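These numbers were taken from a predicted model, which means no experiment stands behind them. These numbers come from the heavy atoms of this one structure, side chains and all, not from hydrogens, waters or symmetry mates.
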Amino acid sequence: MSDINEEVNPDPKVKTGIYHAPWEKSFDKILTPFEEFIHRQTTSGLLLMGTAVLALVLANGPLASAYEHVVHTVIGLNIGSWMLKMTLHHWINDGLMALFFFVVGLELKREILVGELAELRNAALPIGAAIGGMVVPALIYFAINPEGDAARGWGIPMATDIAFAIGALALLAGRVPKALITFLVALAIVDDLGAVMVIAVFYTDTISLGPLAAAGGLFALLLVFNKSGIRKTMPYFIVAVFLWYALLQSGVHATLAGILGALTVPAVPKYNPERFSEHVRDLMHRFDASHQPGKSIMTNDKLRAVVQTLENGVHSVEAPLQRLEHVWHMPVAYLVIPIFALANAGIPLEFSSLGDTLTHPVMLGVSLGLVLGKFIGITGVCWLMLKLGVAVLPKDTRFSQIAGVSLLAGIGFTMSIFVAQLGFGESEDILRMAKTGILAASLLAGVAGFIWLYLVSEPVEAEH
């Protein structure tokens, strides 16, 4: 009751028409710096790094057995005679990571429609760089591991971790042009698309045609939703859940449901800016006409109806794709990926056999592929495309900075571990070697790329 009374009988000293709860300003002073920290591009990378270190500590400390027990705890859903049981590790990798791929799909669709990949002249260099950065690392790995079970890991060094790479580059935001960050984002998104295609085609062992046909029908239904102008997100979500389950039963990796679902989300808003502006002006006239001074909005039904209509209008001028990307970016960056790292980066390290680990073909193939392969592939393709005149450097960037970015692209953490799980999930020893190579290469690539870019770049003027 106190809140309503204070709004109906406002403090005469308050002239702004803004209500503040008794402790609100004090909490704002605390929360504002925290919110700024959360929204910084570096934060997700730092959080990911922290959870990876925590996983290593848990896997090699007194809590190692408890950590393994929790990760491999079986969790099931049971409805009548229907049951779905998987370990916590599988729920994270097959279920939670579908949300990660959903956001990747939204980013990919936006980039193709209106972003850096929308114009061929701007898209040529990052697309070519991404292809070179996938092919050369895979060839290096395959040259070291040409046969046997180890050969299945050729897709591991192809991937780039967007969160880590962008986070590292964002630390140099005062020294590198914004166009260089945009180039890395576009490169990493194309890289992720390549990784998804590799997972779908080469890391699927057996196919069940019935569930796969059901998945195809569900995907077609999502396309019908799109063409029918359905902009409510709930129908897409419900069908996407069934699509995920169908893919899980088909043998195709279930996380691809995230990509497929994202590609069907509408990218065109209901209102154009002119129609929205006209709509808002009309609503504001109705708002002013319905307003009763001194009366709370909670007791003014006409005023609440106008505000609700205004909220609906705001959603109508924003494309569902844009809104979903905004809504899901932070949960995925600050919850999904760190949980994935916590469950997958816990590698038991045996220092007594460290020499054997560092010379193991899988470890060498992964680490050399990520660091050397990304550098050669991205830098080499960019140099060739620029020499042939089929692409141009991003605005205000130098070729030496492109070379530095090619080192940062060797941070393969999230996607590389994901592919390693698919390739070596049945062989713990080889999987451990692959994960060790990923961690070592990501650390080396991040440090080397940061130092390189710091040395070749000069402070730039802040963009307003």
Peer 1: Is a donor on one side and an acceptor on the other found under 3.5 Å between the side chain of Asn145 and the backbone of Pro361?
Peer 2: yes
Peer 1: Once you round to the nearest 0.5 Å, how far does CG of Asp191 lie from NZ of Lys374?
Peer 2: 3.5 Å
Peer 1: Could you check whether any side-chain N or O of Arg110 sits under 3.5 Å from a backbone N or O of Ala267, counting only pairs where one atom can act as donor and the other as acceptor?
Peer 2: no
Peer 1: So, for Phe424 and Asp149, which heavy atoms are closest and what is the spacing to 0.1 Å?
Peer 2: CE2-O, 3.3 Å
Peer 1: For Leu180, which of Lys395, Gln401, Arg175 qualifies under side-chain contact (heavy atoms from CB on, under 4.5 Å)?
Peer 2: Gln401
Peer 1: Please answer whether the main-chain N or O of Gly365 pairs with a side-chain N or O of Trp154 as donor and acceptor at a distance below 3.5 Å.
Peer 2: no
Peer 1: Under the side chain to side chain contact (heavy atoms under 4.5 Å, CB included) rule, what do Val332 and Phe102 come out as? Steps first, then yes or no, please.
Peer 2: CA-CA 9 Å; Val332 166; Phe102 177 69; over 6 Å; no
Peer 1: Could you measure the distance from the OG1 atom of Thr255 to the CG atom of Leu248? Nearest 0.5 Å is fine.
Peer 2: 10.0 Å
Peer 1: Does some side-chain heavy atom of Leu169 sit less than 4.5 Å from a side-chain heavy atom of Val176?
Peer 2: yes
Peer 1: Any side-chain heavy atom of Leu77 sitting closer than 4.5 Å to one from Trp91?
Peer 2: yes
Peer 1: Could you tell me whether Phe399 atom CZ has more than 12 heavy atoms of other residues or ligands within 6.0 Å of it?
Peer 2: yes
Peer 1: Pair Cys382, Ile378 - check side chain to side chain contact (heavy atoms under 4.5 Å, CB included), show working.
Peer 2: CA-CA 6 Å; Cys382 287; Ile378 294 173; 4.3 Å; yes
Peer 1: If we only count heavy atoms from C-beta on, is the Trp452 to Leu408 side-chain gap below 4.5 Å?
Peer 2: no
Peer 1: Heavy-atom distance under 4.5 Å between the side chains of Ile337 and Thr51, does that happen here?
Peer 2: no
Peer 1: Do other residues, nucleotides or ligands put more than 12 heavy atoms under 6.0 Å from His90 NE2?
Peer 2: no
Peer 1: Taking all atoms of both residues into account, what is the closest heavy-atom pair of Val381 and Gly128, and its distance?
Peer 2: CG1-O, 3.2 Å
Peer 1: Would you indicate whether Phe242, at its atom CZ, is surrounded by more than 12 heavy atoms from other residues, nucleotides or ligands within a distance under 6.0 Å?
Peer 2: no
Peer 1: Show your reasoning for whether side chain to side chain contact (heavy atoms under 4.5 Å, CB included) applies to Leu222 and Leu260.
Peer 2: CA-CA 9 Å; Leu222 288 173; Leu260 296 175; 5.9 Å; no
Peer 1: Measuring from Ile156:CD1 to Lys435:NZ, what's the distance to the nearest 0.5 Å?
Peer 2: 10.5 Å
Peer 1: Do side-chain atoms of Ser442 reach the backbone of Leu439 as a donor and acceptor pair under 3.5 angstrom?
Peer 2: no
Peer 1: To check you understand the geometry: which heavy-atom pair defines the closest contact between Ala55 and Tyr67, and what is its length?
Peer 2: CB-OH, 4.1 Å
Peer 1: Considering non-hydrogen atoms only, spot the tightest contact between Trp244 and Asp94 and give its length.
Peer 2: NE1-O, 2.7 Å
Peer 1: Which class fits the ring pair Tyr236 and Phe225: parallel under 30°, tilted 30 to 60°, perpendicular over 60°?
Peer 2: perpendicular
Peer 1: Determine whether Leu368 and Tyr141 make a side-chain contact, defined as any pair of heavy atoms from C-beta on separated by less than 4.5 Å.
Peer 2: no
Peer 1: Pair Met97, Thr414 - check side chain to side chain contact (heavy atoms under 4.5 Å, CB included), show working.
Peer 2: CA-CA 10 Å; Met97 283 297 285; Thr414 305; 3.9 Å; yes
Peer 1: Rounded to the nearest 0.5 Å, what's the gap from CG on Asn344 to NE2 on His89? Could you check?
Peer 2: 3.5 Å
Peer 1: Heavy atoms only: give me the nearest Met134-Val190 pair and the separation to one decimal.
Peer 2: CE-O, 4.4 Å
Peer 1: Between Val419 and Ser416, is any pair of side-chain heavy atoms under 4.5 Å apart?
Peer 2: no
Peer 1: Kindly say whether Arg152 contributes a backbone atom to a donor-acceptor pair with the side chain of Tyr203 at under 3.5 angstrom?
Peer 2: yes
Peer 1: Got a second to check how far Met415's CE is from Phe340's CZ, nearest 0.5 Å?
Peer 2: 9.0 Å
Peer 1: So which atom in Ala341 and which in Phe413 form the shortest heavy-atom distance, rounded to 0.1 Å?
Peer 2: CB-CE2, 3.7 Å
Peer 1: So among Val103, Val196, Leu193, which one has a side-chain contact (heavy atoms from CB on, under 4.5 Å) with Leu108?
Peer 2: Leu193
Peer 1: Quick one: pull up CG in Leu388 and CH2 in Trp383 and give me the separation to the nearest 0.5 Å.
Peer 2: 8.0 Å
Peer 1: Using side-chain heavy atoms (C-beta onward) and a distance below 4.5 Å, is Phe100 in contact with Phe418?
Peer 2: no
Peer 1: Would you call Leu106 and His329 a side-chain contact if the rule is heavy atoms closer than 4.5 Å?
Peer 2: no
